[in-house]
Engineer: 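Below is a structure I'd like to ask you about.
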Amino acid sequence: MHDFLINRHTIRSYSDKSVDDHLLNSLLETACRASNTGNMQAYSVVVTKDSERKKELAPFHFNQKQVTNAPVVLTFCADLNRLTKWCQNRNTTPGFANLQSLTYASIDAVILAQAFCTAAESQGLGICYLGTTTYNAEQISQLFQLPKLVIPITTVTVGYPAEALDLDKSDRLPLSAVIHQEMYTDYTSSAIDEAYRMKESMPQNQQFVEINGKENLAQVYAEIRYAQKETDYFSETWIEAIKKQGYID
Ligand SMILES: Cc1cc2nc3c(=O)[nH]c(=O)nc-3n(C[C@H](O)[C@H](O)[C@H](O)COP(=O)(O)O)c2cc1C
């Protein structure tokens, strides 16, 4: 097993070293070898290197510092525009303006993004995903002048790490907590205790609970980090963006 996969972690601070265009293109080309639905490659990637454009983009990612700090920002989009135009130009009528097409195009975009991340990390680069992409998809679409049937799905910031790689490795649930043999075994209360025991006992997580004035880590997740009021609100903004980009009415 490759050590870089086991030891990897998200990098949010980057050094001043730029990412060579040749390397970037070769990583993207490698990533495009990933599996994709029907080999339609229903995705596009917007590359942002210009610092002024990064400044314009940053507020849509709630000014997370990675956007302006990283030399390269990649916005991975579900794209059925290109395929639609190809079909139209070849005298046929495509039917990609629907949720099913958006779903597989999104899956393709995420697989592409992860293939890129793995390739980049194998070369000593650091990456950070930005989940904020789907929160403000409409504004990001406007900034990049995305036409109908193109919508941003996820964003990855890329650069050489300013931080040492092994200082900050994040925890994971035990494998037994996430794997089900043959059939799904629903979680008993004690299985939940077992699954989250290590996470809850970590000093940094206990500190996190204290700082947020909550009783436990689950409350921090449910009431602060992913509070329902906000997730409901950003579900609405996401639905609006999907409509605007022409996938649903
Ligand atoms: C879809 C997705 C969205 C994410 N969004 C953000 C984000 O907006 N900001 C951030 O700092 N990290 C983000 N992350 C990184 C996660 O926080 C990180 O992967 C997780 O905490 C595990 O840490 P590790 O990657 O260092 O192992 C995101 C990761 C994924 C896969």
Side-chain angles (χ1 to χ4, degrees), residues 1-14 31 34 43 45-46 48 54 57-78 102-103 105-137 139-140 143 151-175 177-178 195-196 198-200 202-209 211-212 217-218 220-222 224-227 230-231 233-235 237-238 241:
M1 203 71 71
H2 289 294
D3 283 354
F4 83 87
L5 282 174
I6 293 167
N7 294 326
R8 67 152 301 281
H9 66 81
T10 291
I11 296 292
R12 297 180 175 85
S13 296
Y14 304 95
Y43 49 60
V45 185
V46 180
T48 309
K54 282 190 235 160
L57 182 61
F60 307 138
H61 292 291
F62 304 125
N63 292 313
Q64 296 190 76
K65 65 172 187 188
Q66 305 89 298
V67 178
T68 45
N69 176 236
V72 180
V73 180
L74 300 176
T75 304
F76 291 86
C77 303
L102 172 62
T103 302
S106 304
I107 292 170
D108 285 1
V110 170
I111 291 173
L112 176 72
Q114 184 52 41
F116 172 86
C117 290
T118 302
E121 289 177 332
S122 79
Q123 298 303 302
L125 286 160
I127 63 91
C128 181
Y129 277 94
L130 300 179
T132 35
T133 311
T134 50
Y135 289 28
N136 294 309
Q139 293 88 331
I140 296 170
L143 178 67
I151 188 164
I153 298 297
T154 196
T155 301
V156 173
T157 58
V158 196
Y160 289 94
E163 50 198 277
L165 244 186
D166 55 352
L167 290 179
D168 200 17
K169 201 168 144 190
S170 59
D171 66 291
R172 292 293 187 271
L173 299 178
L175 197 62
V178 294
Y196 289 92
M198 203 233 329
K199 194 184 270 297
E200 288 176 329
M202 291 173 69
Q204 63 267 44
N205 285 339
Q206 288 178 352
Q207 203 185 359
F208 200 35
V209 173
I211 290 167
N212 284 292
L217 192 60
V220 178
Y221 274 83
I224 297 178
R225 289 193 73 178
Y226 298 96
E230 281 180 22
T231 52
Y233 173 76
F234 287 116
S235 293
T237 66
W238 179 230

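Numbering of ligands and ligand atoms starts at 1, following listing order. Numbers here are sequence positions counted from 1.
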Engineer: Please could you name the atoms of ligand 1 that Y129 approaches to less than 4.0 Å, counting only its heavy atoms?
Structural biologist: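 Atoms satisfying the 4.0 Å criterion: 2 (C), 3 (C), 4 (C), 5 (N), 6 (C), 7 (C), 8 (O), 9 (N), 10 (C), 12 (N), 13 (C), 14 (N), 28 (C), 29 (C), 30 (C), 31 (C).
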
Engineer: Can you check which of T10, I153, L130 brings a heavy atom nearest to atom 19 (O) of ligand 1?
Structural biologist: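 Closest candidate by heavy-atom distance is T10.
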
Engineer: Closest by any non-hydrogen atom to atom 5 (N) of ligand 1: pick that one out of G131, C117, A113, G126.
Structural biologist: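 Comparing heavy atoms across G131, C117, A113, G126, the nearest one to atom 5 (N) of ligand 1 lies in G131.
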
Engineer: Can you sort out which atoms of ligand 1 are near R172, meaning under 4.0 Å from one of its heavy atoms?
Structural biologist: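 It comes down to these atoms of ligand 1: 22 (C), 24 (P), 27 (O).
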
Engineer: Strictly by modelled atom types, are Y129 and Q114 linked by a side-chain donor-acceptor pair under 3.5 Å?
Structural biologist: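 Distance-only check passes for Y129 and Q114.
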
Engineer: Any atom of ligand 1 sitting under 4.0 Å from a heavy atom of Q66?
Structural biologist: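 So Q66 counts as touching ligand 1.
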
Engineer: Given side-chain contact (heavy atoms from CB on, under 4.5 Å), test K169 with I6 step by step and report yes or no.
Structural biologist: CA-CA 9 Å; K169 201 168 144 190; I6 293 167; 3.9 Å; yes

Engineer: Which heavy atom in V158 sits nearest to a heavy atom in P71, and how many Å separate them?
Structural biologist: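 In terms of heavy atoms, the two residues are closest at O-CD, 3.2 Å.
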
Engineer: Tell me whether C128 has any N or O atom under 3.5 angstrom from an N or O of ligand 1.
Structural biologist: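 In fact, backbone or side chain, C128 has no N or O that close.
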
Engineer: Hey, looking at atom 16 (C) of ligand 1, which of H9, R8, R12, K169 has the closest heavy atom?
Structural biologist: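 Checking each option, the heavy atom nearest atom 16 (C) of ligand 1 is found in R12.
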
Engineer: Between H61 and ligand 1, find which residue part has any heavy-atom pair under 4.0 Å and reply side chain, backbone, both or neither.
Structural biologist: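 Near ligand 1, H61 shows nothing, with every heavy atom at 4.0 Å or more.
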
Engineer: Can you list the steps and then say if F60 with T133 is a side-chain contact (heavy atoms from CB on, under 4.5 Å)?
Structural biologist: CA-CA 7 Å; F60 307 138; T133 311; over 6 Å; no

